[in-house]
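Quick notes on the structure that follows.
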Amino acid sequence: MKIFNMTQTGAQRPALILGWLLAPLFLLLMLLSGRALAQTVPVALNLPATVTGDINAGATRLDIPFALSGADSLSFDLIVPVDGAVLTLVDPNGDVVLGAGDPRLSFHPGSERTPALPGGVFVAEAIAAPADGTWTLRLTFPAAPGPTVALGTIMARSRYQAGIAIERTTLLAGEDVSVGMVVLDNGAPITGLSPSIAIGSGQPGAAQTGYDDGKTPDGRAGDGVYSVDYTFATPGLYDILGTVTIPTPKGPVLRTAASQVNVVAPQLSARGIRLETIGGVNACVATLRATVDVDVLKASRYASLMRLVAPNGKSIDARSAKDMGVGPGTLVANFSAADIKAKLGVDGPYTLAQVDALDVGGSEIALAYRKREAGAFSTTLANLCADAIELKPQLTVTPVLQDGYIASFNASFPVTVRNAGFYQISYKVIGRNGDIGLVNASRSLSAGVNNVSMNWAYDGFQGVDGPYRAISLLVVGGGSSARLGDIGASQAYERWQFVPKKAGDLDNDGVVGAGDVAIINQYRGLRALVPGDRRDLNRDGLIDIRDARAAQTMR
């Protein structure tokens, strides 16, 4: 669920000092009306609130009231375009909280600017735990030379935050959507609450209780998102209002959050959805086909996505695009048996969980149609058609030993064919740092699963470390072919473990010489590999000076 409107997040206080530094703003303030009026402004939590107060010509005092509730801290900036002003902050009890000389209150005079400006800016640091009620910014100053306006920004912060969570700000008429209220304590979810969420178009709707239980429509339990289900039946602007009472050590705190979404008419109107099972040879299921019959209300190019979901949560997406004129049209998705077996791998039912259509023919992409839980196909893997040739990456590699060394490998893997007959099989064997060889063979395969075995006996193993991997498998026969990029790999055998062509010849140059002695010295102190190790010439299980000496005698 995407949060698009957190009405009470920890927004940063705007740097009004920068605004005050602009001379045009002061000129505007000086030209405004001189009416002596400052209304009480309710300050929302975690959002900046703007306050103003008119200063008449000849006035010497201005009170700017504002209301707080449930704040943990209070700070403000106040532009006063009158020279000689003194500011005090008065709490709801009438007591002065900030005044002249308080280190928490600073003043930035306009006379220090070029050109010089009248008055200046008061900036207050955060005041902890401000009381609920009406506070007053009280200004006194010499008689104002002309009408002007004081302008400020107040930031009241709270650790308790609330917001509206919804997937998108633009929805389609008829969409059934999860709407949530997020409730946080310093960014952490608050659980165990019962917020109310009211949704309406033109007038307040009936309030529903939101739940954070992980059940539909709530996405996940315990994440602080309390959700309700709502169907936006007709086009128009819808207001969403959430209200919640949060118990705190200081008593209950009330939080509200609001948002608005625009609901538009869909460009495609569905007349029905058809789910069909397309048969193949031998009465198997070759394809699952979903067809959405629509009335096209706007001629355009439409791109569609349909998602098939298995009971194990895996899914397949089918995408397509087509031009459609006004009138009847169709959106079609085909899910092949091969894809279902390879990507889902479990029996059905397979749910058509999502149908989306986008209008992509204009300057902007727009959602034209959406449907969730559009139906289900009930079938099993056994009923799905098999390809003429099916390959799986299931390689088994077993070493063949000779005199304690590896002489070759027996390798096998499954090949499933629909029709019995002779098939040509080829693939490549590679090591960690080089190629080993090519495998080409002809095999008589029975209809069904065949375990194809081959022996790998290559001189290339003498100079290439493992693991040894079989790649680029190609099977051809019966008028069909199939490819598999990677069949699998052996364990991490090393080149030293293979039957020596010549005892002591470790560098494979055909003779025993200084290079072979150098290789033994390079690995001195290591235990010999099992099975076999050509470096361990005396076969005592350790590569050491005695093996080097033995190589010297073989030169």
Side-chain angles (χ1 to χ4, degrees), residues 1-5 164-180 199-203 205 216-217 219 227-240 258-278 287-309 315-336 339 350-377:
M1 181 179 293
K2 179 181 179 182
I3 300 173
F4 75 85
N5 182 21
I164 297 299
I166 192 168
E167 182 180 355
R168 286 169 287 116
T169 56
T170 300
L171 304 172
L172 294 178
E175 270 199 82
D176 188 58
V177 177
S178 173
V179 180
I199 305 172
S201 177
Q203 58 184 3
T216 302
S227 305
V228 300
D229 187 67
Y230 190 83
T231 299
F232 292 85
T234 59
L237 291 176
Y238 285 75
D239 294 310
I240 303 172
S259 186
Q260 189 177 73
V261 296
N262 183 28
V263 178
V264 299
Q267 296 172 14
L268 302 178
S269 176
R271 290 182 284 110
I273 298 177
R274 291 176 282 133
L275 304 181
E276 303 171 272
T277 300
I278 308 302
T287 303
L288 301 182
R289 177 175 297 165
T291 303
V292 182
D293 295 311
V294 297
D295 287 324
V296 182
L297 307 179
K298 173 190 173 184
S300 187
R301 183 167 183 81
Y302 292 92
S304 65
L305 179 147
M306 299 194 202
R307 177 166 296 163
L308 191 71
V309 178
S315 64
I316 302 173
D317 287 347
R319 292 177 170 86
S320 63
K322 62 189 300 188
D323 294 316
M324 293 194 291
V326 174
T330 58
L331 304 174
V332 180
N334 293 308
F335 304 94
S336 70
D339 273 354
Y350 307 111
T351 301
L352 189 62
Q354 177 177 338
V355 180
D356 282 342
L358 299 176
D359 176 3
V360 297
S363 58
E364 295 183 358
I365 296 175
L367 183 64
Y369 175 78
R370 169 165 286 183
K371 177 67 175 178
R372 294 290 183 265
E373 305 300 324
F377 301 89

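Reckoned from all heavy atoms, side chains included, excluding hydrogens, waters and symmetry mates.
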Within the structure provided, determine whether [X] and [Y] are in side-chain contact (heavy-atom separation under 4.5 Å).
{"X": "Ile316", "Y": "Arg307", "value": "no"}
{"X": "Ile199", "Y": "Asp239", "value": "no"}
{"X": "Asp293", "Y": "Arg274", "value": "yes"}
{"X": "Val264", "Y": "Leu171", "value": "no"}
{"X": "Leu308", "Y": "Phe377", "value": "yes"}
{"X": "Leu288", "Y": "Leu275", "value": "no"}
{"X": "Asp356", "Y": "Tyr369", "value": "no"}

Please determine, by modelled atom types, if Asp359 and Ser300 share a side-chain donor-acceptor pair under 3.5 angstrom.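 Side-chain D/A pair, Asp359 to Ser300: present.
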Does one side chain, of Thr287 or Ser336, offer a donor that lies under 3.5 Å from an acceptor on the other? no
Specify the closest pair of heavy atoms between [X] and [Y], including all atoms of both residues, with the distance to one decimal.
{"X": "Ala357", "Y": "Leu367", "answer": "O-CD1, 3.6 Å"}
{"X": "Ser201", "Y": "Leu237", "answer": "OG-O, 3.1 Å"}
{"X": "Ile273", "Y": "Ala374", "answer": "CD1-CB, 3.6 Å"}
{"X": "Leu172", "Y": "Pro266", "answer": "CD2-CA, 3.9 Å"}
{"X": "Met306", "Y": "Leu331", "answer": "CE-O, 3.4 Å"}
{"X": "Ala173", "Y": "Ala233", "answer": "CB-O, 3.7 Å"}

Hey, could you give me the [atom1]/[atom2] distance between [X] and [Y], rounded to the nearest 0.5 Å?
{"X": "Ser269", "Y": "Leu297", "atom1": "OG", "atom2": "CG", "result": "6.0 Å"}
{"X": "Leu268", "Y": "Leu358", "atom1": "CG", "atom2": "CG", "result": "10.0 Å"}
{"X": "Arg289", "Y": "Glu276", "atom1": "CZ", "atom2": "CD", "result": "6.0 Å"}
{"X": "Thr330", "Y": "Lys322", "atom1": "OG1", "atom2": "NZ", "result": "3.5 Å"}
{"X": "Thr231", "Y": "Asp176", "atom1": "OG1", "atom2": "CG", "result": "3.5 Å"}
{"X": "Tyr350", "Y": "Ser315", "atom1": "OH", "atom2": "OG", "result": "13.0 Å"}

Check Glu175 with Lys371, please: is the shortest side-chain N to carboxylate O separation under 4.0 Å? no
Contacts of Phe232 meeting ring pair (Phe, Tyr, Trp, His ring centres under 6.0 Å) (sequence neighbours excluded), chain-then-number -> Tyr230, Tyr238
Crowded around Ile365 CD1? As in, over 12 foreign heavy atoms under 6.0 Å? no
Evaluate Arg271 against Asp295 for salt bridge (Lys or Arg N to Asp or Glu O under 4.0 Å), listing each step before the verdict. CA-CA 7 Å; Arg271 290 182 284 110; Asp295 287 324; 2.9 Å; yes
Can you check side chain to side chain contact (heavy atoms under 4.5 Å, CB included) on Gln354 and Leu305, steps first, answer last? CA-CA 8 Å; Gln354 177 177 338; Leu305 179 147; 3.7 Å; yes
